[in-house]
Amino acid sequence: MSFQNLSYLAFAPLVAFVYLKLMPRRWQNHFLLAASLVFYWCNRPTGDGFAGLWQALPIALLAASCVFVWRMGLSLQAAPPEQRGRKLAAAVIVLLAVLAVFKYFNLALAVLPFAPGVLHRLPFPLGISFYTFAALSYLIDVSRGDMPAEKKFVNLATFLSFFGTITAGPICRAQKVLPQLEQEHRFDAARTVRALQLFALGFFKKVAVADVLMMYVSQVFADIPGHGGPALLAATVGYTFYLYFDFVGYSQMARASALLLGLEIPENFKTPFFATNFSGFWSRWHISLSSWLQDYLFTTLVWADASKLPLLGRKITRFSPVFCVFCVFFVSGFWHGNTLPFVIWGLLQAAYRVGEELLHQKLGKPKKKAPARQQWAKRLGVFLLWNFSMVFFAMGSAIGQPEGESYGVGQAFAIVKGWFAGWSPARFASESWQAILGGFYNNTLMGAAWILMLACTLALAFWLDWQRNFQFKNKSEELVLTAQKPAVRWALYYALVLFSFAGLVMQNGGFAGGSFAYGGF
């Protein structure tokens with residue numbers, strides 16, 4: 001039951017109606033928790049022998065995690081300050097150990113020669129990385145004294161398992177969400193309009209832009225040696241835009257789902273391709289993860305915060321900030337995936353950020369009001385470097401491979417090498433047309449419609465980002481719609497609906513996957 005499925009379009013309004021209209025205040029969180037567990041069960045792993053108890057394992061793990069985090073939060077609050085560090089360390093080790101087992105056990109199973117005959121594959125629990133990070137931030141905040149421990153188990157379990165964020169975030173902070181769960185939520189017309197606008201935008205980006213782009217990208221990456229440089233380069237850029245629109249679309253639908261119920265969760269993207277450096281890029285891309293790494297990992301590495309311990313009241317520097325920046329982005333690669341391409345992707349992000357910091361130390365910080373030409377040159381440089389790293393991310397995600405198969409670093413370098421060969425306009429046109437037709441069983445009419453639709457949807461999507469960045473200073477994107485004149489606004493509404501419907505038709509006529517790119521992280 002992913003967000004773009006028709007079943008979810010019935011599930012979310014039904015949950016909102018019961019929650020806002022029928023549920024007494026004291027039962028609202030109980031109902032929301034039950035709805036979230038139903039959603040989680042509907043997305044349980046199937047196939048590959050995952051039946052019976054194996055299918056129940058992820059939801060049992062989620063329930064056990066909620067109980068563990070709830071009890072540990074109360075224990076941390078009750079413990080004397082000098083004992084909190086040890087309790088917190090034990091809790092962090094347990095949560096990360098569980099995460100590591102499920103993220104890397106199947107990889108070890110494939111590597112060890114004796115394992116397949118002895119051990120069984122583990123089903124990967126949906127959203128385990130996201131609810132584990134949310135749990136860690138909650139326990140760290142309680143340990144620091146930044147927030148009280150949540151006494152009501154239902155509230156904490158609802159926060160960790162909320163169906164709007166359990167699939168793939170955003171990674172929410174308990175300090176922001178738990179107080180909202182203490183409030184009564186009822187129907188509000190203006191808020192509902194905002195939620196519908198936001199959901200329409202997210203649905204459009206996911207179904208009409210990202211999934212349509214993937215039809216071409218997957219065809220090219222499925223046959224790397226058979227394509228020349230322009231086709232491989234176009235597929236790489238296409239994958240970059242695919243991942244962006246896929247994830248930003250999902251994140252906007254997640255925010256809309258929460259907003260429909262009266263809950264505010266954080267934005268995850270703010271027009272990252274307009275950033276002029278990687279520091280700015282990462283403050284706009286996957287914001288909930290990058291801010292989490294900054295607030296909990298980077299801060300912990302740089303400072304030994306002894307401000308809460310007796311006789312000490314200062315922060316002691318542990319490691320060089322530049323070294324810590326490197327560590328943070330290296331860890332980010334491991335978090336995204338358990339294969340070597342993801343590790344290299346993380347190393348590249350670390351190199352970009354560390355290189356940028358060293359340049360700033362050597363040459364000084366860049367001026368805030370640089371000439372427009374210089375700013376656009378920087379944006380282009382950031383995009384090109386990011387696009388290069390996306391080759392490894394795509395191979396780590398096995399784009400173009402059958403489900404269950406994987407790519408390695410060799411294929412990533414083959415793509416980079418292929419960029420510089422076969423530069424013939426005629427070959428590019430022929431290969432691209434064949435890739436497009438390959439996504440539609442060689443249906444010429446559908447292939448032509450794909451080209452026309454993609455041109456229109458990309459133009460609309462980038463116009464929305466342009467407006468948001470330059471006209472609205474990165475305020476929430478539904479405000480871009482609200483601020484338009486009525487005629488323009490309604491034209492945009494109709495365009496979003498029409499293109500979304502066309503995207504669904506194209507996926508039905510082709511064989512592009514309708515899954516969510518970040519669902520496996």
Side-chain angles (χ1 to χ4, degrees), residues 1-5 8 11-12 15-16 19 28-29 31-44 58-59 61-63 65-66 69-70 95 99 124-139 141 150 154-181 183 185 194-195 198-199 201-203 205-206 246-269 285-293 295-296 335-336 476 515-521:
M1 194 198 299
S2 56
F3 286 174
Q4 69 271 23
N5 287 355
Y8 185 79
F11 172 81
V15 169
Y19 177 80
Q28 281 189 316
N29 290 342
F31 173 76
L32 194 54
L33 175 59
S36 298
L37 294 179
V38 168
F39 177 86
Y40 199 76
W41 176 256
C42 290
N43 286 280
R44 68 191 184 280
I59 199 166
L61 178 66
L62 174 62
S65 298
C66 291
V69 173
W70 176 59
L95 291 172
L99 176 62
F124 189 81
L126 179 72
I128 185 173
S129 299
F130 292 89
Y131 72 70
T132 298
F133 273 37
L136 288 172
S137 65
Y138 164 73
L139 292 176
D141 287 344
E150 177 55 58
V154 170
N155 287 10
L156 185 65
T158 302
F159 160 68
L160 291 176
S161 61
F162 174 51
F163 67 84
T165 58
I166 190 67
T167 305
I171 304 169
C172 297
R173 304 289 181 93
Q175 292 187 66
K176 301 292 186 181
V177 177
L178 285 176
Q180 296 182 61
L181 293 176
Q183 302 168 5
H185 299 285
R194 278 186 60 208
L198 198 54
F199 194 90
L201 287 165
F203 196 87
K205 290 179 180 180
K206 170 71 179 106
D246 190 71
F247 202 6
V248 74
Y250 169 86
S251 299
Q252 289 178 334
M253 288 188 283
R255 282 191 62 227
S257 300
L259 194 60
L260 194 64
L261 301 168
L263 302 174
E264 292 278 357
I265 62 175
E267 287 191 272
N268 221 11
F269 290 86
W285 176 281
H286 205 343
I287 300 169
S288 64
L289 173 64
S290 57
S291 63
W292 193 99
L293 292 171
D295 294 345
Y296 297 103
W335 183 85
H336 278 90
S476 188
S515 61
F516 172 51
Y518 252 69
F521 298 119

Of all heavy-atom pairs between Ala134 and Ile171, which one has the smallest distance, and what is that distance?
-> N-CG2, 4.0 Å
Can you tell me how far CG of Leu181 sits from CG of Leu32, rounded to the nearest 0.5 angstrom?
-> 7.0 Å
Do Glu264 and Lys176 sit within salt-bridge range, that is, some charged N less than 4.0 Å from a carboxylate O?
-> no
Go through the steps for Ser129 and Leu99 under the test side-chain contact (heavy atoms from CB on, under 4.5 Å), then give the verdict.
-> CA-CA 7 Å; Ser129 299; Leu99 176 62; 3.7 Å; yes
Within the side chain of Asp246, is there an N or O that forms a donor-acceptor pair under 3.5 Å with the backbone of Lys206?
-> no
Within-4.5 Å side-chain heavy-atom neighbours: Leu37 and Leu62 = yes
With rounding to the nearest 0.5 Å, note down the distance linking OG in Ser137 to CD in Gln175.
-> 8.5 Å
Relative to each other, are the rings of Phe199 and Phe3 parallel, tilted or perpendicular (30° and 60° limits)?
-> tilted
Residue from Trp335, Phe162, Trp292 passing ring-ring contact (aromatic ring centres under 6.0 Å, His included) with Phe130 = Trp335
Just checking, is any N or O donor in the side chain of Ser476 or Arg255 under 3.5 Å from an acceptor N or O on the other one?
-> yes
What residues form a salt bridge (charged side-chain N to carboxylate O under 4.0 Å, His left out) with Arg173, not counting sequence neighbours?
-> Asp295
If you take all heavy atoms of Ser2 and Asn43, which pair is closest and at what distance?
-> N-OD1, 4.1 Å
Pairwise distance CG(Leu260) to CG(Leu198) - rounded to 0.5 angstrom = 11.0 Å
Between His286 and Phe269, what is the shortest heavy-atom contact and its length?
-> N-CE2, 3.5 Å
Can you check whether Leu139 reaches Leu95 side chain to side chain, under 4.5 Å on heavy atoms?
-> yes
Begin with the C-alpha distance, continue with both residues' side-chain angles, and end with the deciding distance and a verdict on side-chain contact (heavy atoms from CB on, under 4.5 Å) for Thr158 and Val177.
-> CA-CA 10 Å; Thr158 302; Val177 177; over 6 Å; no
With the side chain counted from C-beta on, respond yes when Cys172 and Pro266 share a heavy-atom pair under 4.5 Å apart, and no when they do not.
-> yes
Side chains of Leu263 and His185: does their closest heavy-atom pair fall under 4.5 Å?
-> yes
Of the non-hydrogen atoms in Tyr131 and Pro125, which two are nearest, and what is the gap between them?
-> OH-CB, 4.5 Å
Check whether any side-chain heavy atom of Tyr296 lies under 4.5 Å from a side-chain heavy atom of Asp141, and answer yes or no.
-> yes
Heavy atoms only: give me the nearest Ala174-Pro179 pair and the separation to one decimal.
-> O-CD, 3.5 Å
Without swapping roles, check the side chain of Asn155 against the backbone of Asn29 for a donor-acceptor pair under 3.5 Å.
-> no
Measure the shortest side-chain to side-chain distance between Gln28 and Gln183 over non-hydrogen atoms and say whether it is less than 4.5 angstrom.
-> no
Side chains of Thr167 and Tyr250: does their closest heavy-atom pair fall under 4.5 Å?
-> yes
Report the residue from Phe11, Trp41, Tyr40, Phe31 that forms a ring-ring contact (aromatic ring centres under 6.0 Å, His included) with Phe163.
-> Phe11
What one should report as the nearest heavy-atom pair of Ser291 and Ser288 is OG-O, 3.4 Å
Can you find a heavy atom in the side chain of Glu150 that is under 4.5 Å from one in the side chain of Phe159?
-> no
